[in-house]
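Beneath this line is the structure, given in structure tokens, with notes to follow.
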Amino acid sequence: MRAPRQAVEIEFDHATKRYPGRPAPAVDDLSLSIPAGEICCLVGPSGGGKTTAMKLVNRLVDLTSGDIRIDGRSVMTLDETELRRGIGYVIQQVGLFPHMTIAENVATVPRLLGWSKAETAARVDELLDLVDLPARDYRARYASQISGGERQRVGLARALAADPPVMLMDEPFGALDPITRTRLQKELLRIQGEVRKTIIFVTHDIDEAILIGDRIAILREGGVLAQYATPEELLAHPADEFVARFVGADRGLKRLSLKRLGDLDLEPANGAVGPLLDADTTLRDALSVMLNAGARTVLVEGGDGTTRVLTLDRLTELLR
Amino acid sequence: MAEPVIPDFGVGSDCVTQNHTFCTDWVRENWSSVLQPALVEHIELTVIAVGIGFAISLAAALLAHRLRYVERPFAVVSAVIYTIPSLALFQLLVPITGLTVTTVEVALVGYTLLILFRNILAGLRSAPPEVLEAARGMGLTTTQTLFRVELPLALPAIVAGLRVAVVSTIALATVAAFVVSEGLGGPILGALPLNFKTEIIAAGALAVGLAILADALLVVAQRLLTPWAYARRAV
């Protein structure tokens with residue numbers, strides 16, 4: 001097995017894309033840097049240029065001016081096909097090859113790179129297991145024989161096949177039903193915990209961005225960067241009215257959903273009463289429980305066997 | 001048994017001399033001298049015509065797939081050829097290529113072009129856009145995309161075109177007998193003035209049987225070539 005590749009930094013440096021015959025640029029002077037091994041969500045309304053910005057990285061769209069560097073190397077200096085084989089690419093409609101089996105689909109890039117048969121087969125099995133599709137059951141099937149959610153898992157496995165340091169994902173879960181989507185979002189985070197790629201994840205769903213992203217870049221119409229920040233910063237301090245409106249009036253609640261009871265340093269209960277919750281309950285759910293129960297406190301099992309307490313006042317303080 | 005009408009011409013049974021609807025003894029006696037050679041020639045005429053027609057159509061379709069403006073001229077020319085009645089086309093060609101197999105093949109090839117070109121091109125264009133985007137995004141070159149994605153996905157349409165081309169060429173190749181004495185048209189044309197039913201029916205049935213067999217072989221070939229198209233759907 002090959003040694004896993006080190007994640008790399010991606011840097012947009014005044015990246016601009018103009019299409020001929022159109023007055024406004026699609027991506028306008030975009031500068032941001034994505035630290036190695038982090039997920040950056042590009043979000044914004046349609047026409048915000050988020051997909052275009054992503055495609056500038058693997059040169060499915062070429063820059064008009066500015067530069068994008070992966071691990072310090074400008075994408076414009078690299079051979080297109082070489083560049084793309086080093087970048088995992090996942091799209092909403094997946095685009096599995098219908099005439100190839102699941103295993104052959106996943107093996108696409110390793111084959112292009114000339115891996116040996118044995119090495120490719122071992123890698124395919126490893127990846128199918130990683131995305132929770134038992135290789136024994138799925139290897140020989142065709143795309144028409146699996147569900148939409150399974151297809152996107154295969155799409156993810158195929159993108160990860162040659163262990164690229166960078167992944168581009170264009171609304172990968174946008175066409176899935178809510179339950180499957182939530183499951184795959186969690187799977188992605190679990191997989192990312194194992195593989196540590198630098199990921200650009202395009203979505204129009206701010207909730208998805210908050211859940212998935214280590215950082216979020218909000219683009220407004222005309223491909224202008226409105227704000228680039230961690231979910232916490234974005235929700236606490238939206239840069240302007242546009243961002244505040246985009247993240248939604250419930251941004252206080254969304255901030256609460258970022259933290260879990262177990263993350264907090266809570267006081268011992270000392271005889272306080274209230275509903276008892278798990279340590280992995282989000283603060284948002286804790287608040288909901290308080291409101292439902294008409295209580296001003298909830299209790300949580302501390303790791304050391306003690307019971308701890310979260311009060312409504314403490315929650316309000318946390319949002320300051 | 002009646003005495004032979006012409007010496008050394010063979011002996012006709014009652015069935016043959018009385019020109020019954022179908023005489024198996026005539027077929028048995030003339031299989032190796034008349035029918036089998038005609039059948040082999042017929043297969044040759046068809047294979048050569050469809051082979052050359054396929055090569056030309058594939059080249060034109062590949063070109064039209066890359067350069068859109070090639071499509072219309074080729075489609076128009078092949079459609080015009082297709083509309084010319086076969087006997088008229090032979091008449092047009094005889095002054096150029098004479099009473100030869102070439103004349104026959106040129107005409108037969110001409111008739112395959114429209115259906116093959118249209119089907120191959122439609123097949124090449126049938127690759128879903130997201131599949132092509134994924135291919136490009138993974139770093140397949142245009143040539144790799146053509147050979148690994150577009151052509152395999154075009155196979156069902158290509159085979160569908162081949163089936164029509166083969167069957168119609170087998171039918172049409174009987175007309176070749178007006179130009180050269182080749183193929184199953186020979187026995188038919190020879191028997192027409194005498195209205196010798198057995199020979200007409202035997203040669204005609206061979207042509208029909210050949211067409212059905214060829215079609216069935218292509219169906220089997222497609223099943224083997226495109227197992228994915230027959231895979232059981234997800235429930």
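Convention: sequence-line order gives letters A, B, ...; per-chain numbering from 1. These numbers were taken from a predicted model, which means no experiment stands behind them.
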Residue part contacting chain B, namely of A:I87, when any heavy atom lies under 4.5 Å: backbone
B:F147 atom CZ, over 12 foreign heavy atoms within 6.0 Å: no
Options A:N58, A:T108, A:L168, ranked by heavy-atom pairs under 4.5 Å with chain B, top entry: A:T108
Reported CZ-to-CG distance for the pair A:R111 and B:L140, which is rounded to 0.5 angstrom: 11.5 Å
Quick one: pull up CE in B:M138 and OG1 in A:T81 and give me the separation to the nearest 0.5 Å. 13.5 Å
Donor-acceptor under 3.5 Å (A:H99 side chain, B:L151 main chain): no
Does any part of the side chain of B:E133, heavy atoms only, come nearer than 4.5 Å to the side chain of A:K55, both counted from C-beta? yes
Around atom CZ of A:R73, are there more than 12 heavy atoms of other residues, nucleotides or ligands at under 6.0 Å? no
What is the minimum heavy-atom distance between A:Y89 and B:G137, and which atoms define it? CD2-CA, 3.6 Å
Counting heavy-atom pairs under 4.5 angstrom with chain A, the leader among B:A134, B:A127, B:G139, B:P227 is B:G139
Is it the side chain or the backbone of A:V94 that comes within 4.5 Å of chain B heavy atoms, both, or neither? backbone
A:I91 versus chain B, heavy atoms under 4.5 Å apart: side chain, backbone, both or neither? side chain
Test item: B:T141 and A:R84 side chains (from C-beta on) under 4.5 Å apart, heavy atoms: no
Among A:R85, A:E82, A:E80, who wins on heavy-atom pairs under 4.5 Å with chain B? A:R85
Surrounding CD1 of A:I179 (heavy atoms of other residues, nucleotides or ligands, distance under 6.0 Å), is the total greater than 12? no
Contact between A:Q92 and B:E130 at the side-chain level, heavy atoms closer than 4.5 Å - yes or no? no
Show your reasoning for whether side-chain contact (heavy atoms from CB on, under 4.5 Å) applies to A:L112 and B:R148. CA-CA 11 Å; A:L112 289 174; B:R148 297 183 189 207; 3.5 Å; yes
Under 4.5 Å from any heavy atom of chain B - which part of A:L96: backbone
Which answer fits B:L132, side chain, backbone, both or neither, if we ask what part of it has an atom under 4.5 Å from a heavy atom of chain A? neither
